[in-house]
Amino acid sequence: MMQMVVIIVLAVALVVCAALLYRVACQLCKVRKNDRMKRAFLNNVGREIRTPLKSVVEMASVLAKEDLYISKDEKRNIADQLQYNANLIGTFIDEVLLFTEADTFGHQIKEETFSPNGLCVRCLEANMHSIFHRQAVKLNFKRELSDEFFVKSDRHLIEVIINKLILNSCRFTEEGFVTLGCNTTENVRQITFFVEDTGGGIPENRKNNLFSWFEDPEDMADEAELDLSICQRLARKLGGALEHDESYVKGTRMLLILPLKETSLY
């Protein structure tokens, strides 16, 4: 009888130990996976951050020339570009914080009054370099709102999302156009920014997981899908959403839909 009790106790102890070892192994695998994901994500952000850094260095080199004579408009343009690239670098840092789920340190929403049309033009001008090597591609602005129409939101985050969408469109459009615009008619009581192109479109087998947050390092291999998943999270932070317009058949059309907070400039 005693032997039977000892065997049962040992069996129970072995089961408990096996369960604990399995739990530890699962936790260890999860830690390793998270570590690989963080490294892959940081590598991606590192690649992206080199572009604005390079632009800042080039502008600094121009300003350092002893025989430099530039007009007030040129000075203002350089200042705007430096500010834009500084904001872009800051947003990449925000993305890192977003990825690590550090809610207390993530980008704090800063609402300001701005013109949606003005924002669109600014984004197009900032992305002209994306098509310099593709003379067959044009960047267009589709004006649907009045220039006197103003809204209130986090202009910086909206710019980041739109810039990423434009860059992705430019990557996959060999000829034709990339068009940016905004309206308040496509979605009731909301403002819709759209980026449409004449590229090859999104493959059917990727449409279902287009905005899914990556769960494995291999999921980050496609930079375009990584950008879209990040943009979706940023859009939700603004109280909106990012959508793919499946009715558009000429290429790809992405929609950034945000709550409409119409306001006055004064």
Side-chain angles (χ1 to χ4, degrees), residues 48-49 51-56 58-59 62-63 70-95 107 109-132 134 137-171 173 177-184 186 190-197 227 230-231 234-235 237-238 240 242 253-266:
E48 289 198 54
I49 206 171
T51 300
L53 280 176
K54 182 180 179 181
S55 179
V56 169
E58 289 174 350
M59 283 185 281
V62 171
L63 293 174
I70 57 177
S71 66
K72 289 184 179 179
D73 288 341
E74 289 172 323
K75 286 181 180 179
R76 189 179 300 111
N77 180 59
I78 290 176
D80 288 343
Q81 288 298 314
L82 286 171
Q83 182 64 50
Y84 168 77
N85 284 292
N87 287 339
L88 199 57
I89 293 170
T91 301
F92 290 142
I93 295 173
D94 291 333
E95 287 180 11
H107 180 91
I109 298 298
K110 298 178 182 178
E111 292 191 340
E112 61 180 291
T113 299
F114 64 92
S115 162
N117 283 357
L119 181 146
C120 288
V121 171
R122 177 184 173 91
C123 288
L124 288 173
E125 290 176 348
N127 284 279
M128 287 302 296
H129 67 279
S130 300
I131 60 168
F132 281 160
R134 296 181 181 178
V137 180
K138 303 296 181 184
L139 289 183
N140 299 325
F141 172 50
K142 187 175 182 179
R143 191 183 303 274
E144 296 186 39
L145 296 174
S146 166
D147 289 342
E148 284 70 45
F149 180 81
F150 290 84
V151 296
K152 193 172 185 180
S153 187
D154 192 313
R155 178 181 58 81
H156 173 47
L157 274 192
I158 296 174
E159 278 192 21
V160 170
I161 296 171
I162 292 176
N163 283 331
K164 283 182 174 291
L165 295 179
I166 293 174
L167 183 58
N168 276 341
S169 284
C170 290
R171 280 181 192 165
T173 304
F177 59 81
V178 174
T179 299
L180 170 63
C182 54
N183 61 63
T184 56
E186 208 160 338
Q190 298 179 94
I191 183 167
T192 302
F193 293 89
F194 59 86
V195 177
E196 57 188 37
D197 61 55
D227 283 344
I230 291 172
C231 287
L234 294 178
K237 200 171 183 67
L238 290 165
L242 191 66
R253 188 171 190 262
M254 304 302 299
L255 309 174
L256 172 60
I257 305 170
L258 300 173
L260 178 59
K261 298 180 183 179
E262 188 175 352
T263 186
S264 172
L265 181 61
Y266 303 102

Derivation of the side-chain contact (heavy atoms from CB on, under 4.5 Å) call for Thr192 and Thr184: CA-CA 6 Å; Thr192 302; Thr184 56; over 6 Å; no
Heavy-atom side-chain proximity of Val195 to Leu256 below 4.5 angstrom: no
Minimum-distance pair of heavy atoms, taken over all atoms of Cys120 and Leu180: O-CD2, 3.4 Å
Student check: side-chain heavy atoms of Cys182 and Leu145 closer than 4.5 Å: yes
Residue list, side chain to side chain donor-acceptor pair (under 3.5 Å) with Glu112, at least two apart or on another chain: Arg155
Contacts of Asp147 that satisfy side chain to side chain donor-acceptor pair (under 3.5 Å) - sequence neighbours left out: Asn117, Arg143
Spatial distance of atom OG (Ser153) from atom CG (Leu260) [nearest 0.5 Å]: 10.5 Å
Rounded distance (nearest 0.5 Å) linking atom CZ of Arg253 with atom CD of Glu196: 5.0 Å
Minimum side-chain heavy-atom gap Ile109-Glu111 below 4.5 Å: yes
Contact check, side chains of Leu255 and Phe193, non-hydrogen atoms, under 4.5 Å: no
Lys142/Glu186 ion pair, N-O < 4.0 Å: no
From CA spacing to verdict: side-chain contact (heavy atoms from CB on, under 4.5 Å), Phe114, His156: CA-CA 11 Å; Phe114 64 92; His156 173 47; over 6 Å; no
Pairwise side-chain contact, Pro116 with Asn183, heavy-atom cut-off 4.5 Å (strictly under): no
Heavy-atom check, side chain of Ile158 versus side chain of Leu234, under 4.5 Å: no
Met254 side chain reached by Leu165 side chain, heavy atoms, under 4.5 Å: yes
Value rounded to 0.5 Å, distance of CD1 in Ile166 from CD in Glu159: 10.0 Å
Smallest separation among heavy atoms of Leu124 and Asn140, with atom names: CD1-O, 3.5 Å
Side-chain heavy atoms of Phe177 within contact of Asp197, under 4.5 Å: no
Which atom of Ala235 lies closest to which atom of Leu258, heavy atoms considered: O-CD2, 4.3 Å
Separation between SG of Cys123 and CG of Asn163, rounded to the nearest 0.5 Å: 4.0 Å
Interatomic distance, Phe150 atom CZ to Leu119 atom CG [nearest 0.5 angstrom]: 12.0 Å
Thr179: partners by side chain to side chain donor-acceptor pair (under 3.5 Å), with sequence neighbours left out: none
Minimum heavy-atom distance between Cys170 and Leu139, given as atom pair plus value: SG-CD2, 3.9 Å
